[in-house]
Amino acid sequence: MLKYLAIYFVTAILSSSCSHIETAPYGIQKEHIAFIPARIAVLPCQDWPYGARYLNQTVSNFSPAEIKDVCDSVDKFVLNGFKGQPYMRGLSPKVVRKLLKRSGEETQLSQINQLWHQQEGDCTNCANSVSYYKKSISNRDDWQQWLNKLSRNVYNTDAILMPLILYAQKGRSDDRGLAIAYKRVGVSLLLIDTNNGRLIWAGGRDVQTNNRKLESDAFLKNLELPNWKQVSSRLLVKDVWAEFPGRQNY
């Protein structure tokens, strides 16, 4: 009887640990409270690396051209976020590219997808970008070497800010006669220490914007999708910057 009870409790513990979902919070990370980077290299916006999918991540179906439009808006939003902020010192993506080219490392930014490619032992129960980065990416030796090299080539910056499109999906559905055309987009901003790869801060937002109309099934195919202005007005908002180190909210 005792033997069977022991097996039961061991199985229950293992099942519980396997089913635990990792969802680290946005905001300043507790190990970096009160730390303000002296200089930040702002990287150009990009898709979340295709080989580093986290648990239940929404699948994108935007075209490459549509993703570029989203990234252009995110880049503009990020740069505007540095304006009028005396304690947020950032180098724009344009400057970062120029300095890398001058150092003969113009292809360095294109290496991120490969460096983040999923490896054995990566977190399989991480359910958001923050937990996945902290558990699966931050401690990789080759990633830390990449960060050190980037820092040397870009005025010895002590942090990078990575704007990432987590997913961008559009579609149409019929909810009991209510025609719905939707777009859903998720973005994440990761502020990373170039010295050791640790996450300093993270911000992000997920939104879904709908157009709805009571119509027949035939109309569903023609129901107009929300335009980008509808999406961006809800996605790219000041709250994304919550707790950013050194940021003053006026």
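Residues take their numbers from the sequence shown, with the count starting at 1. Just the heavy atoms: all of them, side chains too, but no hydrogens, waters or symmetry mates, feed the values below.
Note that NZ of K135 and CD1 of I137 are 13.5 Å apart. Values are rounded to the nearest 0.5 Å. Taken from NE2 in H117 to OG in S136, the straight-line distance is 13.0 Å, to the nearest 0.5 Å. Taking CG of L100 as the reference point, atom CG of L150 lies at 5.5 Å (rounded to 0.5 Å). The structure places CG of L43 at 11.0 Å from OG of S92, a figure rounded to the nearest 0.5 Å. Rounding to the nearest 0.5 angstrom, the gap separating the CD atom in Q230 from the CG atom in N211 is 5.0 Å.
Listed by first and then second residue, the disulfide bond (SG atoms under 2.5 Å apart) pairs that reach into residues 94-164 are C123-C126, sequence neighbours excluded. Counting only residues at least two apart or in different chains, salt bridge (Lys or Arg N to Asp or Glu O under 4.0 Å) contacts with residues 93-103 are absent. Pairs of residues two or more places apart, or lying in two chains, never qualify as disulfide bond (SG atoms under 2.5 Å apart) while including a residue from residues 130-163. For residues 33-44, no pair satisfies salt bridge (Lys or Arg N to Asp or Glu O under 4.0 Å), with sequence neighbours left out.
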Go through it in stages, so that I can follow the logic: the residues are T23 and Y132, the test is side-chain contact (heavy atoms from CB on, under 4.5 Å), and I'd like the CA-CA distance, side-chain angles, deciding distance and then a yes or no. CA-CA 8 Å; T23 52; Y132 189 86; over 6 Å; no
Kindly determine whether K68 and V70 satisfy side-chain contact (heavy atoms from CB on, under 4.5 Å), including the steps that lead there. CA-CA 5 Å; K68 182 182 183 304; V70 176; over 6 Å; no
Which is it for Q118 and R53 under the side-chain contact (heavy atoms from CB on, under 4.5 Å) test, yes or no, and what are the steps along the way? CA-CA 8 Å; Q118 204 160 44; R53 293 190 60 79; 5.6 Å; no
Kindly determine whether L223 and Y182 satisfy side-chain contact (heavy atoms from CB on, under 4.5 Å), including the steps that lead there. CA-CA 10 Å; L223 180 58; Y182 65 85; over 6 Å; no
Donor-acceptor pairs are to be reported for all side-chain atoms of residues 54-65 against protein atoms at under 3.5 Å, with residues two or more places apart or in another chain.
unit_1: Q57; atom_1: OE1; unit_2: Y54; atom_2: N; d: 3.4
unit_1: Q57; atom_1: NE2; unit_2: L166; atom_2: O; d: 2.8
unit_1: S60; atom_1: OG; unit_2: A168; atom_2: N; d: 2.9
unit_1: N61; atom_1: OD1; unit_2: K170; atom_2: N; d: 2.8
unit_1: N61; atom_1: ND2; unit_2: K170; atom_2: O; d: 2.9
unit_1: S63; atom_1: OG; unit_2: E66; atom_2: N; d: 3.1
unit_1: S63; atom_1: OG; unit_2: E66; atom_2: OE1; d: 3.3

Name the atoms and distances for all side-chain donor-acceptor pairs under 3.5 Å in residues 183-208, with sequence neighbours left out.
unit_1: K183; atom_1: NZ; unit_2: P226; atom_2: O; d: 3.0
unit_1: R184; atom_1: NE; unit_2: Q208; atom_2: OE1; d: 2.9
unit_1: R184; atom_1: NH1; unit_2: Q169; atom_2: OE1; d: 2.3
unit_1: R184; atom_1: NH2; unit_2: Q208; atom_2: OE1; d: 2.9
unit_1: S188; atom_1: OG; unit_2: S129; atom_2: OG; d: 3.0
unit_1: D193; atom_1: OD1; unit_2: N195; atom_2: N; d: 2.8
unit_1: T194; atom_1: OG1; unit_2: T157; atom_2: O; d: 2.8
unit_1: T194; atom_1: OG1; unit_2: D158; atom_2: O; d: 3.4
unit_1: N196; atom_1: OD1; unit_2: R198; atom_2: N; d: 3.0
unit_1: W201; atom_1: NE1; unit_2: A242; atom_2: O; d: 2.8
unit_1: R205; atom_1: NE; unit_2: R234; atom_2: O; d: 2.5
unit_1: R205; atom_1: NH2; unit_2: R234; atom_2: O; d: 3.3
unit_1: D206; atom_1: OD2; unit_2: Y167; atom_2: OH; d: 2.8
unit_1: Q208; atom_1: NE2; unit_2: N210; atom_2: OD1; d: 2.9

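Under a hydrophobic-cluster definition in which Ile, Leu, Val, Met, Phe, Trp and Tyr are linked whenever side-chain heavy atoms come within less than 4.5 Å, directly or via other members, I36 and F82 are assigned to different clusters. At a threshold of 4.5 Å between side-chain heavy atoms, the hydrophobic network of Ile, Leu, Val, Met, Phe, Trp and Tyr places I160 and Y155 in one connected group. Hydrophobic clustering of Ile, Leu, Val, Met, Phe, Trp and Tyr side chains at less than 4.5 Å, counting indirect connections, keeps V78 apart from W48. Both V240 and V231 sit in one connected hydrophobic cluster of ILVMFWY residues. Membership requires side-chain heavy atoms under 4.5 Å apart, directly or through other members.
The shortest distance between side-chain heavy atoms of V96 and V42 does not fall below 4.5 Å. At least one side-chain heavy atom of P245 sits less than 4.5 Å from a side-chain heavy atom of I28. Under the 4.5 Å side-chain criterion, counting only non-hydrogen atoms from C-beta, C71 is not in contact with P44.
Taking T107 as the reference, S110, Q111 meet the side chain to side chain contact (heavy atoms under 4.5 Å, CB included) condition, with sequence neighbours excluded. Considering only residues two or more places apart in sequence or on other chains, P49 meets the side chain to side chain contact (heavy atoms under 4.5 Å, CB included) condition with Q46, A52, I112, N113, W116, L164. Applying the salt bridge (Lys or Arg N to Asp or Glu O under 4.0 Å) test to D122 and every residue at least two apart in sequence or in another chain returns R140. The side chain to side chain donor-acceptor pair (under 3.5 Å) search around S73 returns W228, not counting sequence neighbours. Partners of N80 under the side chain to side chain contact (heavy atoms under 4.5 Å, CB included) rule, at least two apart in sequence or in another chain, are K76, K83. For Y87, the side chain to side chain contact (heavy atoms under 4.5 Å, CB included) criterion is met by Q248, not counting sequence neighbours.
Not a single donor-acceptor pair under 3.5 Å links the side chain of S151 to the backbone N or O of L147. The main-chain N or O of L115 is never found under 3.5 Å from a side-chain atom of D142 such that the two would form a donor-acceptor pair. Formation of a donor-acceptor pair under 3.5 Å by the R247 side chain with backbone atoms of G81 is found in this model.
Under the 30°/60° scheme for interplanar angles, the aromatic rings of W241 and F244 are found to stand perpendicular.
Shown here for K134 and A24, the closest heavy-atom pair between the two residues is CD-CB, 4.4 Å. The two atoms that bring V154 and L99 nearest to each other are CG1-CD1, 3.7 Å, heavy atoms only. Shortest non-hydrogen contact noted between A127 and I21 is CB-CG2, 3.4 Å. The minimum heavy-atom distance between L79 and P93, with the atom names listed, is CD2-CD, 3.9 Å. Among all heavy-atom pairs drawn from K229 and S232, the shortest one is O-OG, 3.4 Å.
For E243, the CD atom sits in a packed shell: over 12 heavy atoms of surrounding residues, nucleotides or ligands are nearer than 6.0 Å.
At a cut-off of 3.5 Å, with distance as the only test, a side-chain donor of N128 or S131 sits close to an acceptor on the other residue.
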